[in-house]
> 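After the structure tokens below, expect a handful of questions from me.
For clarity, every value in this text was computed on a predicted model and none was experimentally measured.
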Amino acid sequence: MVRPGEGSATMDYDPQDVEEKWRRRWRESGRYEADPGDADETTFVTVPYPYPNGGMHIGHARSYTVPDVYARFRRQRGDEVLYPMAWHVTGTPIVGAVERLRENDPEQMASLKDAFGVPEEDLKDLETPMGFARYFIENYYKQGMEQLGLSIDWRREFTTNDDRYSKFITWQYETLRERGLLEKGMHPVNYCTNERQPVTTHDILEGEDAEFQEFTLIRFSMDHDGDEVVAPMATLRPETVRGVTNAYVHPDGEYVRASVDGESWVVSAEAAEKFDLQGRTVEVERRFAGEELVGASVTNPVTGDEVVVLPATFVDPDNATGVVMSVPAHSPDDYVALREAQDRADDIAAEYGVDPDAIPAIEPVPILEIEGYGGIPARDAVEEAGVESSDNPALHEVTEDLYQDEFHGGRLLDSYGEFAGEVVEDVRERFREHHREAGHFDAMHEFTEEVVCRCGGDVEVAQQETWFLRYNDEAWRETVGEAIARLDAVPENTREQYTHTVDWLEEWPCIRNYGLGTRLPWDDEFVIEPLSDSTIYMAYYTVAHRIDEVPVEELTHDFFDALFYGPDAVDDPPETALELREEWDHWYPVDVRFSANDLVNNHLTFFLYHHAELFDPANWPEGITVMGMGLLEGRKMSSSKGHVALPSEVVDDYGADTVRFFLLNSAEPWQDFDWRSDAVRSTRNALDRFWNRSMDVVDADVPAERPDPAGIDRWLLSKLQAAVRDVTESLENYETRTASQTVFYDFEEHLRWYRRRTDTDRPGARWTLRTVLEMRLRLLAPFVPFMANELHEHLTGQPAEDAPWPAVDPALESRTVEVEETLVRDLTEDVADIVDVTGTDPDVVRVYVAADWKRTVFEAVLDRAPDPDQGAVMGAVMEDPEMREHGDAVNDLVGEMIDFVRETPEEDVTELPGIDEGEVYESVAGFVGREFDADVEVYREDADPHDPADRAGEAVPFRPAIHIE
RNA sequence: GCGAGGGUAGCCGAGCCUGGCCAAAGGCGGCGGAUUCAAGAUCCGCUCCCGCAGGGGUCCAUGGGUUCGAAUCCCAUCCCUCGCACCA
């Protein structure tokens with residue numbers, strides 16, 4: 001019995017022990033530090049740097065392991081490979097995390113303590129943003145990556161808050177500005193009216209999902225205190241302007257008369273503040289109750305018609321302008337409200353002094369027609385739904401439905417002139433622009449729901465001056481389009497997503513008011529936001545370890561110009577910059593970037609934009625492989641709910657190789673994967689089995705020279721060549737699942753058959769198994785580097801990763817042998833079927849090989865492959881008088897053979913004429929006999945066989961007749 | 001609504017591009033057997049229905065179509081997931 005730790009070659013699989021040993025060797029030898037050498041090819045693999053605002057979970061583990069597999073694969077193929085890593089700390093998430101920690105926010109504390117297991121005594125280290133980041137970098141990310149065995153060059157590590165990195169970003173933004181790709185403008189932001197500053201979604205307590213809406217303001221005019229003033233009415237449906245029959249204000253609401261951008265406006269008090277925030281110059285001149293406006297008439301800027309202002313308590317002065325227009329023909333809400341106002345017409349007239357005849361006289365004015373509704377769609381909708389009053393909750397739904405229908409199916413009436421007859425969906429935008437230019441319309445932003453800041457303050461949409469990246473610039477779009485066209489987009493269908501994103505992107509506001517990162521070079525009040533400071537940093541990796549020796553103040557604009565654009569780009573190029581340029585030239589471009597698929601429509605597209613602009617096509621990204629999401633036990637992971645699997649824990653539980661193998665094998669990189677502990681456990685069992693079997697091979701005596709191979713050895717070696725070819729091809733396509741499935745599980749199936757077929761103790765078998773193991777270990781090394789290296793070293797004295805990637809040996813590949821073996825398998829299965837269905841335990845199995853004339857028929861069919869025609873074959877065959885003797889049997893056989901040829905792969909069919917079936921069956925008589933514990937007798941149908949059950953006649957080529965007794 | 005992806009046996013999941021080797025890989029779960037003191041370990045077999053001769057029937061969301069032949073190609077319908085921004 002072998003005791004643990006005894007050092008015998010037959011030791012049990014102990015991943016913790018094996019893995020720690022290799023980690024140490026890699027660390028101490030600097031195995032993955034990549035420096036320019038003289039290899040024929042370089043491979044530069046990148047992945048978005050992690051954002052350490054929390055710990056690392058199993059989804060991250062996969063994101064970094066998939067590139068590692070590719071890196072290891074390319075390394076074994078002889079490339080110089082660079083796989084670097086850094087840390088993204090830009091912006092507010094880390095700052096926000098620290099704030100929530102300081103406030104003892106329960107969700108944050110649960111995430112830190114329960115999900116990530118941060119000990120109480122460490123919490124004090126997390127109280128500054130960089131302290132927080134550093135803690136998770138060191139204790140979670142970096143440690144997790146090392147445990148997983150990622151082949152990263154750690155010398156190049158940096159954070160995006162480093163001074164030198166900022167110099168690089170500074171150069172990037174100065175360059176973009178010089179090229180006119182940055183633009184100053186106004187932009188809507190979330191603004192806390194209490195703190196008097198912009199806030200991010202992380203700071204929002206209520207209404208996190210609220211979106212900005214752009215309301216169109218219809219500039220109604222009215223007489224107020226003897227002046228002509230504007231009463232702007234907000235709407236999302238500007239095309240209904242011709243259907244306005246009246247307006248509403250809240251009689252008790254506070255309204256103001258204000259000067260807005262030099263004009264006199266009447267709006268709610270809240271609206272005046274919003275206009276102020278949205279970049280307009282607002283001076284409130286007088287405040288009054290809404291009641292004061294009731295009864296006034298306002299003039300429609302488009303039609304010139306006058307309509308009356310009515311009181312309504314449903315008006316929310318804190319929504320939009322607080323002055324509402326009513327379109328009863330097309331808005332069920334308005335329709336019902338109007339009916340109710342008309343019911344109370346006398347009261348309203350008496351209370352507010354409105355002309356008593358005005359209210360009953362209001363009639364809905366249709367502005368469009370739509371199939372399925374009459375002239376007044378809102379009336380039909382309301383009546384059909386049986387809604388009688390405004391407090392019926394169904395009214396909301398009726399309104400939504402009608403809006404939807406009218407948007408997609410409503411055609412404007414003749415009064416719309418040039419817009420008449422068009423569908424709302426197609427015409428709204430043009431209509432709005434037309435009237436905006438004519439001065440009839442204006443615009444404002446508003447949230448879709450109420451938004452409250454963490455401080456309790458009201459959050460409003462504010463317009464703020466900002467800098468934009470001009471992603472909608474036509475020339476830039478064209479260049480990035482070329483970059484997309486050249487890209488190896490994996491999977492291929494993502495290419496369209498990049499194109500689509502480019503079409504859809506407008507200007508991108510690239511700065512924020514606060515957060516970590518690089519200040520805007522020409523205005524240090526602002527910081528460049530995270531998606532904008534992470535577009536070309538892969539270039540920084542190439543020099544990161546050497547730039548640390550350059551004093552920060554030397555990292556000028558010229559320095560980077562010289563580095564990236566060469567000695568001619570500046571007058572007096574710094575020597576160091578030119579030295580670093582060689583590193584950059586050596587590694588760039590990025591060969592492949594691996595990234596989660598949700599970054600396609602921002603980060604990855606930005607990545608392409610900036611490369612396309614700042615670098616030559618030769619340095620544009622060559623490939624992007626997108627990755628799917630991770631589930632845990634079938635559910636989404638969530639650190640706040642504690643539903644996460646941590647890499648360090650699962651590596652402790654199962655071993656890094658098991659974790660890696662599961663992550664790589666359970667789905668292709670771009671598919672979603674599901675971390676299920678039962679499946680992971682079964683992966684571990686499979687690796688255990690593999691280890692034990694491998695150790696048996698390691699311990700076996702193997703002849704130095706290859707002994708004479710049995711047929712089955714040649715079969716297994718042929719399968720091995722196919723595996724080498726398939727794994728190589730799959731890995732070139734980043735198909736980690738297919739590749740690992742082929743070399744591991746599929747090959748285990750071949751070995752199962754091999755063990756069943758032959759005595760594995762023969763010298764020939766021992767030699768074969770050893771050769772197979774050695775090759776498989778090399779093929780497995782990218783996936784399970786610890787185990788593969790360990791076993792390969794036991795076997796050959798050299799780690800698998802240092803051995804070259806296997807090549808297909810054509811001498812060991814034989815289609816004929818493989819086809820013969822399928823005949824053996826077919827025979828075995830047929831006998832087993834018969835045994836099964838008859839329930840007999842045979843003493844004798846008789847096998848009858850088809851007569852020669854049947855072979856002739858098969859060959860006649862084969863002559864007309866791949867799509868033989870029954871008539872033609874029959875014509876040819878029947879020319880032979882001997883055939884005619886067999887009569888109808890020939891016809892049946894031709895039909896059967898035609899089906900057989902059609903259904904068999906062409907490369908197999910062509911092998912068949914060279915195969916002597918009888919010989920094949922005779923050579924496996926011993927094996928088949930053992931399988932069924934019976935004597936096996938092989939006969940030829942036309943050689944006067946012993947045929948007690950009269951079966952021989954049923955034999956057809958490659959389907960022998962069988963009789964069991 | 002727009003854009004992308006998807007619906008395959010108890011479950012997960014391959015196959016679909018390039019139609020026939022597909023009753024449809026593999027895993028999990030379940031059943032039976034072997035080994036074992038025992039086992040969540042390993043090994044062998046079974047796991048749509050019928051069948052005492054290698055066979056037959058039905059099947060890949062639904063309904064049509066193309067084809068000698070459809071899980072695979074085309075059309076329509078239903079359902080599900082993700083993204084739609086200034087947030088990493």
> If you count every heavy atom of other residues, nucleotides or ligands that lies below 6.0 Å from D678(A) atom CG, does the total exceed 12?
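Yes.
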> Would you measure the distance from the P atom in rG65(B) across to the matching atom in rC44(B) and give it in whole Å?
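So the two P atoms sit 47 Å from each other.
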> Give R495(A) one of three labels, base, sugar-phosphate or nothing, depending on what nucleic acid heavy atoms sit under 4.0 Å from its own.
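Result for R495(A) = nothing.
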> What interatomic distance, in whole Å, is found between C1' of rU42(B) and the corresponding atom of rU36(B)?
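Result for the C1' pair: 10 Å, nearest Å.
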> Using modelled atom types only, decide if a donor and an acceptor are shared between the side chain of S63(A) and the backbone of G59(A) within a distance under 3.5 Å.
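Side chain of S63(A) to backbone of G59(A), a donor-acceptor pair under 3.5 Å: yes, one is there.
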> When all nucleic acid strands are considered with a 4.0 Å heavy-atom cut-off, which category describes P960(A): base, sugar-phosphate, or nothing?
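If one applies the 4.0 Å heavy-atom cut-off, P960(A) turns out to touch a base.
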> With a 4.0 Å cut-off on heavy atoms, is H603(A) in touch with a base, just the backbone sugar-phosphate, or nothing at all?
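Contact class for H603(A): none.
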> Among side-chain atoms of N601(A) and H500(A), is any donor-acceptor pair under 3.5 angstrom?
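No donor-acceptor contact under 3.5 Å links the two side chains.
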> Hey, does the side chain of Q671(A) come within less than 4.0 Å of rA14(B)'s phosphate (OP1/OP2), counting only N and O?
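Yes.
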> Considering heavy-atom distances to RNA chain B, does E954(A) or E668(A) have its closest nucleotide positioned more toward the 5' end?
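Final value for this comparison: E668(A).
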> Can you figure out which of rC21(B), rA53(B), rG54(B) approaches the side chain of V837(A) most closely?
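It is rA53(B).
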> Using 30° and 60° as the class boundaries, would you call the ring planes of Y537(A) and Y49(A) parallel, tilted or perpendicular?
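Rings of Y537(A) and Y49(A): parallel, as their planes differ by under 30°.
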> Indicate the ring-plane relationship of F132(A) and F136(A), choosing parallel, tilted or perpendicular according to the 30° and 60° boundaries.
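Taking F136(A) first and then F132(A), their aromatic rings sit tilted (interplane angle of 30° to 60°).
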> Within the sub-3.5 Å range, which N or O atoms of nucleotides 33-38 of chain B have a protein N or O partner, and how far apart are they?
none

> For F673(A) and rA14(B), what is the distance between atoms CZ and C1' respectively, to the nearest whole Å?
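In whole Å, rA14(B) C1' lies 19 Å from F673(A) CZ.
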> Taking any strand in view, what nucleotide pairs with rG1(B) in a Watson-Crick or G-U wobble way, both distances under 3.5 Å?
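Partner of rG1(B): rC84(B).
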> If the cut-off is 4.0 Å, is N685(A) near the phosphate of rA41(B), judged by side-chain N/O to OP1 or OP2?
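Answer is yes, contact under 4.0 Å.
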> With respect to the side chain of W504(A), which nucleotide from rG54(B), rC68(B), rA85(B) is positioned closest?
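Output: rA85(B).
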> Between rC52(B) and rG6(B), how far apart are the P atoms? Round to whole Å, please.
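It works out to 44 Å between them.
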> If you check every side-chain atom of R951(A), which of rA53(B), rG54(B), rC87(B) has the closest atom?
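Nearest nucleotide to the side chain: rA53(B).
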> Report the distance from atom CD of E903(A) to atom P of rA70(B), rounded to the nearest whole Å.
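Computing the E903(A):CD to rA70(B):P distance gives 13 Å.
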> Go ahead and name the base partner of rU42(B); Watson-Crick or wobble counts if both distances stay under 3.5 Å, otherwise write none.
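Matched rU42(B) with rA34(B) under the 3.5 Å cut-off.
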> Grab the CD-P distance between E896(A) and rG54(B) for me, whole Å please.
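For the pair E896(A) CD and rG54(B) P, the rounded distance is 13 Å.
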> Could you tell me how far rA23(B) sits from rG15(B) if I compare only their C1' atoms? Round to whole Å.
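Those two atoms are separated by 14 Å.
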> Identify whether any heavy atom of P530(A) sits under 4.0 Å from a base atom; if not, whether one sits that close to sugar-phosphate; answer base, sugar-phosphate or nothing.
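The answer is sugar-phosphate, as P530(A) gets under 4.0 Å only of primed atoms, P, OP1 or OP2.
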> Can you tell me how far P of rG54(B) sits from CZ of R959(A), to the nearest Å?
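It is 9 Å, rounded to the nearest whole Å.
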> Between rC59(B) and rU72(B), how far apart are the two P atoms, rounded to whole Å?
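Nearest-Å result for rC59(B) against rU72(B) at atom P: 13 Å.
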> Please determine, for rU77(B), whether a Watson-Crick or G-U wobble partner exists with both distances under 3.5 Å, and give it or none.
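Across any shown strand, rU77(B) pairs with rA61(B).
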> Please report the distance, rounded to the nearest Å, between CG in L236(A) and C1' in rG1(B).
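Checked: the CG to C1' distance equals 15 Å.
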> Hunt down the Watson-Crick or G-U wobble partner of rA53(B), both distances under 3.5 Å, from any strand shown, or write none.
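Check on rA53(B): unpaired, no WC or wobble geometry under 3.5 Å.
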> For Y471(A) and W508(A), take the angle between the two ring planes, folded into 0 to 90°, and tell me which bin it lands in: parallel under 30, tilted 30 to 60, perpendicular over 60.
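Plane angle between 30° and 60°, so tilted.
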> Taking Q497(A)'s backbone N and O only, do any of them form a donor-acceptor pair with T501(A)'s side chain (distance below 3.5 Å, no angle check)?
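Yes: the side chain of T501(A) pairs with the backbone of Q497(A).
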> Hey, is CD on E183(A) packed in by over 12 heavy atoms from elsewhere, all under 6.0 Å?
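Yes, CD of E183(A) has more than 12 neighbouring heavy atoms, counting only those of other groups under 6.0 Å.
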> By the 4.0 Å heavy-atom rule, please label A961(A) as base, sugar-phosphate, or nothing.
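Base, at least one base atom sits under 4.0 Å.
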> Give the nucleotide from the list rC87(B), rU42(B), rG55(B) with an atom nearest to the side chain of R689(A).
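Side chain of R689(A) sits closest to rU42(B).
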> Just checking, is any N or O donor in the side chain of D533(A) or T90(A) under 3.5 Å from an acceptor N or O on the other one?
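Short answer, yes.
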> Per the atom types in the model, does the base of rG54(B) pair as donor or acceptor with the side chain of D833(A) at under 3.5 Å?
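Flag unset: no donor-acceptor pair detected.
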> Take the protein atom CG of N602(A) and the nucleotide atom P of rC84(B), then report the distance between them rounded to whole Å.
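Atom-to-atom, N602(A) to rC84(B), this comes out as 8 Å.
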> Each nucleotide N or O in nucleotides 24-28 of chain B that has a protein N or O under 3.5 Å away: list the pair and distance.
from	atom 1	to	atom 2	distance (Å)
rA25(B)	N1	R737(A)	NH2	3.2
rC28(B)	O2'	D678(A)	OD2	3.2

> Using heavy-atom distances to pick each residue's nearest nucleotide on RNA chain B, tell me which of A667(A) and A949(A) is more 5'.
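Closer to the 5' end of RNA chain B: A667(A).
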> Applying the Watson-Crick and G-U wobble criteria at under 3.5 Å, what pairs with rC17(B)? Answer none if nothing qualifies.
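Result: none.
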> Sticking with atom P, work out how far rC28(B) lies from rC87(B), rounded to a whole angstrom.
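It works out to 46 Å between them.
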> Base, sugar-phosphate alone, or nothing: which one does E829(A) contact when heavy atoms must sit under 4.0 Å apart?
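The answer is nothing, as E829(A) stays clear of every strand by at least 4.0 Å.
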> Between R757(A) and V924(A) (side chain of the first, backbone of the second, donor and acceptor by atom type, cut-off under 3.5 Å), is there such a pair?
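Answer holds: no.
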> Counting heavy atoms from C-beta on, name the nucleotide in rG54(B), rA88(B), rA85(B) closest to the side chain of L505(A).
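The answer is rA85(B).
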> Where the side chain of E529(A) meets the backbone of S532(A), is there a donor-acceptor pair that is under 3.5 Å apart?
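Judged by distance alone, yes, a pair lies under 3.5 Å.
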> Roughly how many Å apart are rC78(B) and rG63(B), using the P atom of each and rounding to a whole number?
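It comes out at 15 Å once rounded to the nearest Å.
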> Roughly how many Å apart are rA14(B) and rG27(B), using the P atom of each and rounding to a whole number?
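Comparing P positions in rG27(B) and rA14(B) gives a spacing of 15 Å.
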> I need the CZ-P distance between R756(A) and rC44(B), as an integer number of Å.
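Result: 9 Å.
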> Could you check whether F783(A) and F744(A) have their ring centres less than 6.0 Å apart?
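For F744(A) and F783(A), the ring centres are not under 6.0 Å apart.
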> Mind calculating the distance between CG (D672(A)) and P (rC12(B)) to the nearest angstrom?
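Spelled out: CG on D672(A) to P on rC12(B) is 14 Å.
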> Which of these nucleotides, rA85(B), rA88(B), rG3(B), is closest to any side-chain atom of E506(A)?
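Given the options rA85(B), rA88(B), rG3(B), the side chain of E506(A) is closest to rA85(B).
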> Looking only at heavy atoms, what is the nearest atom pair of V459(A) and F447(A), with distance?
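Smallest interatomic distance, heavy atoms only, reads O-CE1, 3.5 Å.
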